[in-house]
Each structure stands twice: as C-alpha cells, then as structure tokens.
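For reference, the structure discussed in these notes is given below.
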Protein chains: 2
Amino acid sequence: MRVLLIEDEVTLAEAIRNGLQAESIAADCAYNGEEGLFKAREGSYDAIVLDILLPGRTGYEVCKKLREAHIWTPILMLTAHHGEEAEAKALNIGADDFLSKPFSYLVLVARLRALVRRGVSPRPTVIYSGNLELDPLRRTCRCQGQEINLTAREFALLELFMRRPGEVFSKQHILDHVWGFDFEGDENIVEVYVGYLRRKIDEPFGQRALQTVRGVGYRLLRNED
Amino acid sequence: MRVLLIEDEVTLAEAIRNGLQAESIAADCAYNGEEGLFKAREGSYDAIVLDILLPGRTGYEVCKKLREAHIWTPILMLTAHHGEEAEAKALNIGADDFLSKPFSYLVLVARLRALVRRGVSPRPTVIYSGNLELDPLRRTCRCQGQEINLTAREFALLELFMRRPGEVFSKQHILDHVWGFDFEGDENIVEVYVGYLRRKIDEPFGQRALQTVRGVGYRLLRNED
DNA sequence: AATTTGGCTGAGAAAAGTCTCAGAAAGGTC
DNA sequence: GACCTTTCTGAGACTTTTCTCAGCCAAATT
C-alpha cells in the first residue's frame with residue numbers, strides 16, 4: 001500500500017512516515033500544496049493524507065484542485081482543531097475522511113485501511129467485436145468463450161483492430177501504432193503477425209474475421225458485416 | 001434517506017431522531033443489539049448509527065455480527081470516550097466511521113451524508129481470491145485454510161495482487177507500489193519475489209495462481225478464471 | 001496465358017524476457 | 001557482538017518472442 005502525505009511540518013511528516021512504515025505502508029512526502037498536487041498527478045497512490053494547514057494554499061484548496069484534476073484517490077484530511085465546521089467543510093469539499101490532531105498511528109492506519117478497503121470504483125474495460133472478447137487490463141482474449149493465448153505483440157495488434165472494428169489500417173499505420181515510429185524493419189513483419197493472429201483467432205474457429213484488403217491494408221470484420 | 005439508530009438510552013435516541021428529522025433524514029430506533037440486528041436485516045437502510053455502550057452485548061459485537069451476516073450498510077459508531085483504541089477497534093471491526101460523544105447534529109449529519117455518498121460498498125477486511133485469504137490488519141494469510149508465513153515484502157506484494165485479482169501489473173508498477181518510487185535497484189527483484197511467493201502459495205498446493213504474462217507483467221488468477 | 005505486384009508462410013537466427021541460485025548486505029533480537 | 005531472518009544483487013541458464021529472409025502463392029493486369 002502506497003500513500004502520499006502532504007504536510008509542511010517536516011518533523012511531523014517524517015514521524016508519520018516512519019509510523020506508517022512500521023505497518024508496511026509506504027509513504028511519499030510532499031511539503032506544500034504544489035508539490036502535493038504534482039505528485040498526486042504523477043504517481044498512483046492508494047490514498048492521500050492531507051494537512052489543512054499548509055503554506056501558500058490551504059488543504060481545502062488542494063483537495064478541491066485534486067478533484068478538479070480528476071484524481072479520485074481517497075483523501076484523509078488532518079485538522080488541527082476539533083472544529084466541527086472544519087470537518088464538515090472537508091467532507092463537503094470532496095475529502096473522504098478526516099482526523100483531528102493529535103492522533104495516534106493506530107487510528108491513522110485503521111482509517112487509511114478503511115479508506116483503501118472502500119477503494120475506487122473499478123472500471124470495466126472489456127472490448128467486444130464479433131465473437132471476440134478482449135480485456136486490456138487483464139490482458140486476456142477469448143473467442144467464443146474460449147481463452148486464447150496471445151503474445152504481447154499479437155495482443156497489441158489485435159487491440160488496434162478491435163478498438164476500431166471494420167476500419168482498414170495500412171501496414172504503415174499498423175507499424176507506427178503497434179511497433180512504434182522508430183521501428184526500422186520491413187513492413188513484412190505486419191504480414192507475419194497478421195498470419196500469427198489468424199492462426200489463433202480465425203483458423204480454430206473456421207472463420208476469417210481478419211481480412212486482407214489488397215493494396216490497402218487489413219481490417220477486422222464487425223459484428224454486422 | 002433512511003437511517004437505523006441503535007441506541008439504548010431512549011431520551012438520547014429520541015433527541016437524535018428529532019435532530020435528524022430536522023434535516024429530513026428518517027430514523028428508525030432499535031433499543032438493543034438484538035433488535036438492531038433484526039431491523040438491519042429486515043429493512044434496507046442507507047446507514048446505521050450504532051452506540052458502543054449497549055445493554056447485553058456491546059456495539060462492537062453488533063457491528064461484527066452485522067458484517068458476518070453480510071450486511072454491508074455503512075455503520076457510524078458512537079463512542080463515549082475519546083479513547084483512540086476504541087476508535088481503531090471500531091474501524092477494524094468493520095465500522096466505517098465513528099463519532100465521540102458529545103457531538104453536534106451538524107457533524108452527525110455531515111458524517112452520515114458522507115457515508116451515504118460513499119455508498120454501500122465497504123467490504124470485509126479479509127480479502128479472498130481463489131483459495132487464498134489475506135487479512136491486512138492481522139497480517140495473516142491462508143491458503144486452503146492453512147496458515148502461511150509471509151515476510152513483509154511478500155505480504156505487500158500479495159496484497160497488491162489480491163486487491164485486484166485477475167489484473168495484470170507491470171514490473172514497474174509493482175516496483176512503484178510495493179517498493180516505492182525511490183527504489184533504485186533492478187526490476188529483477190520483482191521476479192525474485194514472485195518466485196518466493198510461488199514457493200509459498202502455489203507449489204505447496206499444486207497450483208499456479210500467480211501467473212507470468214510474458215512481456216507485460218504478472219497477474220493473480222481470479223476465482224472465475 | 002504470361003507477367004507483375006502484393007501477400008503469405010516456414011525455418012531458423014537473434015533478441016528479449018524470465019527464472020533460479022548463491023551469496024552479500026541490512027535489519028532485528030537476544 | 002553473535003545469530004537469525006529478511007531483503008537485495010548479479011550472473012548464468014533457460015524459455016519464449018520477435019524478427020528476417022527467401023521462396024511460394026494468388027490476384028490483378030497486360
């Protein structure tokens with residue numbers, strides 16, 4: 001578990017970081033709002049611990065900015081006083097939880113775990129086309145419900161086709177997108193890989209979804225075609 | 001919004017009920033643990049407010065029972081004292097939030113709304129996947145009911161996989177989340193630890209749940225796969 | 001029907017990725 | 001400080017994949 005700690009008091013930040021480490025929670029520190037925003041955007045954290053009192057801009061502002069930047073990582077805010085309005089404000093602004101100073105690591109850790117447990121909503125990512133199913137996140141591919149094993153290159157190629165089924169792609173376009181602009185070899189490699197794919201997704205199922213468009217390129221048949 | 005209030009002190013319960021009503025939050029009351037359990041099971045509430053001090057059985061027990069009964073309605077616990085252990089205990093046992101008496105309606109309402117906004121998704125602290133069981137709080141791991149001893153690093157790695165079973169993680173992602181962004185060593189360390197884990201969770205059970213996705217990363221097999 | 005052009009395929013070399021082991025370094029405990 | 005566990009490093013063996021090449025085949029053109 002990985003946490004971003006936005007806290008300007010260096011000694012406190014270090015203390016917290018150590019406390020979390022004892023629970024094998026890794027913590028990165030940011031010592032002001034700007035840095036916090038930057039790091040939150042960069043790395044993917046499981047949660048963010050955010051102090052309200054920061055130099056320059058307040059924790060409220062940072063929290064708001066984060067949400068505006070479409071960063072939905074769970075946020076735990078640290079409030080200095082027991083002020084109830086502060087707490088209500090934090091929650092209303094998009095924080096998920098808050099903690100009043102002083103607090104113990106025991107509580108902080110428990111809260112963080114509770115936050116992470118809740119998690120962010122998982123996004124479904126499966127692409128369908130014809131009798132094909134591709135899940136880029138799980139890196140799985142099925143045809144007629146049957147699991148198909150693809151190499152990284154094959155997968156990337158099929159993904160290109162499945163994201164725009166029915167569309168014709170030239171070999172050069174495929175080269176650029178699947179192999180990269182700096183690829184130096186021959187276009188023939190595309191033919192080779194189209195062949196590999198056909199052997200895996202067409203032949204075993206007695207179909208020909210991956211079609212050649214002579215002189216132009218290749219295309220994946222859509223459901224409707 | 002509909003809330004279940006489990007609180008034995010009738011006067012306090014009524015006071016809270018009225019306070020909530022002013023915010024147009026409807027509250028049902030239960031005056032002991034049994035009744036609370038029964039009502040929680042029966043009606044579908046948006047949240048449950050649960051006092052720790054109850055006659056007969058404590059709020060902790062009620063909370064635990066609720067979770068064991070697979071009722072995942074958000075629970076806000078009321079603690080009488082400021083004891084931190086009490087708070088930590090509440091959260092660990094499956095509560096989503098707590099509030100120390102005395103409190104104001106302002107806070108109670110804000111907290112309830114925050115809880116409900118989060119939705120009814122809190123899962124149990126123990127994570128399951130296949131025949132694996134992981135309890136991040138107790139730092140325990142079981143496979144087919146058998147206790148397995150993991151080092152801190154192994155545990156963190158397995159936790160990453162179990163939080164998103166089936167998903168493929170690149171070595172770089174694993175490095176970032178389990179080792180930290182500032183880790184300087186080679187990616188090979190991931191391979192080594194995957195090896196360690198396999199020796200503990202796969203080999204003894206004649207399975208291969210922790211899979212290599214060549215050129216991409218690693219993934220933990222899901223139940224369904 | 002012959003020719004030209006573009007596409008397909010199999011074999012094998014080259015590269016990349018993964019696993020494993022032994023041992024060094026670091027950290028904790030008595 | 002001695003001992004034990006955990007964590008990390010690096011090298012080599014091994015596996016899979018990626019790529020190249022050359023010859024073959026098929027469609028389009030003459």
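Please read all numbers here as calculations on a predicted model, not as lab measurements. Below, read A as the first sequence line, B as the second, and so on, with proteins coming before strands; counting in each chain starts at 1.
A salt bridge links E147(A) with R142(A): the closest approach of a Lys/Arg side-chain nitrogen to an acidic carboxylate oxygen falls below 4.0 angstrom.
In the set dC8(D), dC19(D), dC19(C), the nucleotide with an atom closest to the side chain of Y193(A) is dC19(D). Ranking dT17(D), dT18(C), dT20(D) by closeness to the F183(A) side chain, first place goes to dT20(D). Comparing dC21(C), dC19(D), dC8(D) against the side chain of R199(B) picks out dC21(C) as the nearest. Taking every side-chain heavy atom of V192(A) into account, dG10(C) is the closest of dT18(D), dG10(C), dG10(D). Checked against dT6(D), dC19(C), dT18(C), the side chain of N188(B) finds its nearest nucleotide in dC19(C).
Rounding to the nearest 0.5 Å places CG of D202(B) at 12.0 Å from CZ of R199(B). Atom CG in L160(A) sits 13.0 Å away from atom OH in Y218(A) (nearest 0.5 Å).
Distances shorter than 4.0 Å separate none of the side-chain N or O atoms of T151(A) from OP1 or OP2 on dT16(D). Considering only side-chain N and O atoms, K171(A) lies nowhere under 4.0 angstrom from the phosphate OP1 or OP2 of dG6(C). Of the side-chain N and O atoms in R153(A), none sit less than 4.0 angstrom from OP1 or OP2 of dT16(D). Put simply, W179(B) has a side-chain N or O that comes within less than 4.0 Å of OP1 or OP2 on dC8(D). Here R198(A) reaches the OP1 or OP2 of dC8(C): one of its side-chain N or O atoms lies under 4.0 Å away.
Rounded to a whole Å, the CZ atom of R139(A) is 13 Å from the P atom of dG17(C). Look at OH on Y218(B): it is 12 Å from P on dG17(C), rounded to the nearest Å. Distance CG (L150(B)) to C1' (dT5(D)): 14 Å, rounded to an integer number of Å. Protein atom CG of L158(B) is 16 Å distant from nucleotide atom P of dT6(D), rounded to whole Å. Spacing between atom CD of Q172(A) and atom C1' of dG7(C) amounts to 17 Å, rounded to whole angstrom units. Rounded to whole Å, atom P of dT18(D) lies 9 Å from atom OH of Y196(A). Put simply, CD1 on I189(A) is 12 Å from C1' on dA15(C), counting in whole angstrom units. Straight-line distance from the CD atom of E187(A) to the C1' atom of dC19(D): 15 Å, rounded to whole Å.
Looking at V62(A) and M77(A), their side chains never come closer than 4.5 Å, going by heavy atoms from C-beta outward. At least one side-chain heavy atom of L54(B) sits less than 4.5 Å from a side-chain heavy atom of I6(B).
Across all strands shown, F155(A) has no heavy atoms under 4.0 Å from either base or sugar-phosphate atoms.
Heavy atoms from other residues, nucleotides or ligands lying under 6.0 Å from CG of D176(A) number more than 12. Annotation for R164(A): atom CZ does not count as buried by contact number, only 12 or fewer foreign heavy atoms lying within 6.0 Å.
Taking the nucleotide of DNA chain D with the nearest heavy atom to each of N149(A) and E184(B), the more 5' of the two is matched to E184(B). Mapping D186(A) and D186(B) onto DNA chain D by nearest heavy atom places D186(B) closer to the 5' end of the strand.
Ring geometry for H177(A) versus H173(A): interplanar angle under 30°, hence parallel rather than tilted (30 to 60°).
Near DNA chain D, defined here as any heavy-atom distance below 4.0 Å, the residues from residues 204-217 of chain B are R214(B), listed numerically.
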